[in-house]
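To start, the structure itself, in structure tokens.
Protein chains get the first letters and strands the later ones, always in sequence-line order, with residue 1 at the start of each. This is a predicted model, so every value here is computed, not measured.
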Number of protein chains: 4
Amino acid sequence: MTETTGTAGQRADLVRNRRLLLGAATEAFAERGVEVSMGEIAQRAGLAKGTVFRHFASKDDLLAAIMLQLLDRLTGTADRLLQADDPALALREFMTSGVEALATDRAFCEVVGRPSLQHPEVREAINQLCEVAEALTARAREHGAVRDDVTGTDIVLLLGGIHQTAAPLLAAQPQAWRRYLELALDGLHVPNPRALPEQPPRHLPLDDPPEAG
Amino acid sequence: MTETTGTAGQRADLVRNRRLLLGAATEAFAERGVEVSMGEIAQRAGLAKGTVFRHFASKDDLLAAIMLQLLDRLTGTADRLLQADDPALALREFMTSGVEALATDRAFCEVVGRPSLQHPEVREAINQLCEVAEALTARAREHGAVRDDVTGTDIVLLLGGIHQTAAPLLAAQPQAWRRYLELALDGLHVPNPRALPEQPPRHLPLDDPPEAG
Amino acid sequence: MTETTGTAGQRADLVRNRRLLLGAATEAFAERGVEVSMGEIAQRAGLAKGTVFRHFASKDDLLAAIMLQLLDRLTGTADRLLQADDPALALREFMTSGVEALATDRAFCEVVGRPSLQHPEVREAINQLCEVAEALTARAREHGAVRDDVTGTDIVLLLGGIHQTAAPLLAAQPQAWRRYLELALDGLHVPNPRALPEQPPRHLPLDDPPEAG
Amino acid sequence: MTETTGTAGQRADLVRNRRLLLGAATEAFAERGVEVSMGEIAQRAGLAKGTVFRHFASKDDLLAAIMLQLLDRLTGTADRLLQADDPALALREFMTSGVEALATDRAFCEVVGRPSLQHPEVREAINQLCEVAEALTARAREHGAVRDDVTGTDIVLLLGGIHQTAAPLLAAQPQAWRRYLELALDGLHVPNPRALPEQPPRHLPLDDPPEAG
DNA sequence: GATGAATGAGTTTTCATTCAT
DNA sequence: GATGAATGAAAACTCATTCAT
């Protein structure tokens, strides 16, 4: 009978509060975009403002943590799907769960170009996601389930694009994204396509934007 | 009979200032998203802050005016393309100019769900755009250039989606949207497609979002 | 009869408010040190918080402006005293008015080492003050009214030192600084003194302190 | 009979922690002024924040404890120097060690007028210091080594003043205070001085400052 | 009509202090 | 007694909007 109260109790609260905060923040950002205030997030989590800052040193850190959470989830899913039997189905499932994860998230598109994306951990997570997406795509490609000129990074980018396509319908038709996902998938395995224009992206460029100055 | 600059001159100034403001605001919102301050917009236009508010009663009104401008431009283009000989090409050109218009615009996705979209004029303009896009799509459909189950509203939504897909590449590859436009077009005229899931949208629902309360 | 209302009226208010703010801030900092909040300064000036920031972009800017005001006043005094007949008396009067200017100022010593002192204008003003103090000292030196090994910068530094000596007595004996000024002056024209140790300072070093890190 | 570490061990820890804290706080306040946070002091001491508050009920208490430490040290030094053979040298040594103790301390001048100085123990310590300084000064006076109209409290006040004079040079010339100490000493034994103006202070008045209300 | 100064509510962030473990 | 998480008051600063000139 191993007793584990004491310091463990505090740590348990810590973990619980971190979860509360991430949950509240994920929800709040999803609903109202990055403009929700830290104060509101605190309130939603039922905690004091100071506590938010104890867990996340700045708003950008919080945003970064949320992105990280999302990216890790997607990478995990992709990793698992690499083991699937049907490569075409695997890719479809990856995209399905990817767009679904984004589906209700207003903050997602606003975060593009923000410092949160520059956090080393986030950059690393993005790169990992692109890599595993590339592996998934390569398998599909080899099985003729996806056109040759499409990369894993294309697939990752499409997640956001599909989400955004359906975004204005969100309130009226929460599943509308499925429609555009299907459309994209159809575009992805056109049999003898004309080659796509522009360089196929190999990764997401995350350097600091060249400040005009 | 040459008019002395009197009231007429003032009106000319009014028009000129409005143009300056819209130009400056369009640029500013495109580059930095909706978070640019009214002060910066005034500065970019070379006018005083008070003047901005004389022309646009609030920031949301200004955003609405800019949306309106964009929507009217797109509607105009679509109108013109309705006269084109090749319906398939016409649709492609509409989408090309549509995505291009969005291509460098950071504010575009952030405006979704904002009160600016609720302005009656904007709603009306969105509906008009969807209608003319529907006409354009119908013609393409009849010529077998587009699958049956795709609506004009789908096409309008795709503009934003394609833009968003390429957005993270913007700095590195400003033309990357052409890649995803091509992919979407390929999806749009798959020969014998499985029907797309979910209701085909007939218009954009623009009701006040159900305030979580 | 030159009419000068109109834009001039606004500017008049601007100037008036700037004066109100500098006055309020000077008083507040003097009484309670640099820790007084911008909010309190606004209140004392009878203005809104935002107005303080319109005039002074940051608290350090405000502090800098106050230092500048003080330094310019001292430099002006010194300049005028350069014309005086009696060099010894001139130096004494300079120091008197200098210490008196500092006499009620709690913020003065706290500002040492703060970024406010790094403002280019403040640095320049400090250097100017040291220069004119040197001129004043040189004249006194030539007339045998001050020992040879004392510089203008020594004199400037002494102002703060004399002030600080009397500071704890301020409430009980507001003029106590005169006592320590006299003592310092006696030290300054000891007839055949042993040379003072340490390098005589030629100017105040105002470089950024070498951040440990 | 060797004591097993029990309550005694705990008490030893208590003493040790108090020492750690005083050491860390002394350093921190000296380097960065009274604005250092309790958190940083805890960190420097290698202890938790809660522990700081167990030892010192408030930040002002901690400041008071540090002042007390300094004052006691000076009083001790003065006490010892009362036994010295040469009264002039004794006074010089007292002042030297006094200014040296202050020399690197940024917090010192900021504490003037703070509630920390109102702590009964601190007031008592200040009075003791003034008394023993008076004794030291009296001896020097009797031997003609110091002018008649200078009190022990003058001497104590001069310590802070000399320190402040050199403070702006601290980074560039850490020993600059020796220069101003010498200057002050020269002022202190001018042979036939004019009497100093203002009441010679007999003690430091430490009443609550008359709150402007 | 244009200007830009003033406003003040709102935001992020810090920090002394409390208190459950 | 020690710990460090939580608290919440207060600070600096921003910005849409108003309004006197």
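In this structure, the NZ atom of D/Lys49 is 7 Å from the C1' atom of E/dC15, given to the nearest Å. Between C/Arg16 atom CZ and E/dG4 atom P there is a gap of 20 Å when expressed in whole angstrom units. Rounding to whole angstrom units, CZ of residue B/Arg114 and P of F/dA16 are separated by 10 Å. For C/Leu20 and E/dA5, the CG to C1' distance is 14 Å, given to the nearest whole Å. F/dG4 atom C1' lies 9 Å from atom CG of A/Leu14, rounded to whole Å. Computed from coordinates, the B/Phe56 CZ to F/dT18 P distance equals 16 Å when rounded to whole Å.
Under the rule for a side chain to side chain contact (heavy atoms under 4.5 Å, CB included), the partners of D/Thr26 that lie at least two apart in sequence or sit in another chain are D/Ile66, D/Gln69. Under the side-chain hydrogen bond (donor to acceptor under 3.5 Å, both in side chains) criterion, C/Glu35 pairs with D/Arg114, not counting sequence neighbours.
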*Would you write the dot-bracket representation of DNA chain F, where each base gets (, ), [, ], | or . depending on whether it forms a Watson-Crick or G-U pair under 3.5 Å and with which partner?*
.||||||||||||||||||||
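With rounding to the nearest 0.5 angstrom, the CD atom of D/Gln43 is 8.0 Å from the OG atom of D/Ser37. Taken to the nearest 0.5 Å, the CG atom of A/Leu62 stands 5.0 Å off from the CD1 atom of A/Ile41.
Residues of residues 21-42 of chain D having a heavy atom closer than 4.0 Å to DNA chain F: none are found. Listed by residue number, there are no residues of residues 58-70 of chain B with a heavy-atom contact under 4.0 Å to DNA chain E.
For the pair C/Ala57 and B/Phe53, both in contact range of DNA chain F, the more 5′-proximal nearest nucleotide belongs to C/Ala57. If D/Gly50 and C/His55 are placed on DNA chain E by their nearest nucleotide, the residue sitting closer to the 5' end is C/His55. Comparing B/Ala48 and C/Leu47, the nucleotide of DNA chain E nearest to each residue sits closer to the 5' end for B/Ala48.
Minimum interatomic distance between B/Ala65 and B/Phe56 (heavy atoms only, all atoms of both residues): CB-CE2, 3.5 Å. Shown here for C/Arg106 and D/Glu110, the closest heavy-atom pair between the two residues is NH2-O, 3.7 Å. Considering all non-hydrogen atoms of both residues, C/Leu63 and C/Ser116 come closest at CB-OG, 3.4 Å. Nearest heavy-atom pair, A/Val52 versus A/Met38, reported as atom, atom and distance to 0.1 Å: CG1-CE, 3.6 Å.
Side-chain atoms of B/Asp61 and B/His55 form no donor-acceptor pair, as typed in the model, at a separation below 3.5 Å.
Between D/Arg54 and F/dA2, a side-chain N or O to OP1/OP2 separation shorter than 4.0 Å is present. Phosphate proximity of E/dA2 to B/Asn17: present, with a side-chain N or O under 4.0 Å from OP1 or OP2. For A/Thr51, no side-chain nitrogen or oxygen approaches OP1 or OP2 of F/dA5 to under 4.0 Å.
Residue pairs meeting the salt bridge (Lys or Arg N to Asp or Glu O under 4.0 Å) criterion with at least one partner in residues 38-51 of chain D, sequence neighbours excluded, are D/Glu27-D/Arg44, D/Glu31-D/Arg44, D/Arg32-D/Glu40, D/Glu40-D/Arg44.
Within the 3.5 Å criterion, the main-chain N or O of C/Val36 finds a donor-acceptor partner in the side chain of C/Lys59.
Using a 4.5 Å heavy-atom cutoff, the side chains of C/Arg19 and C/Val15 are in contact.
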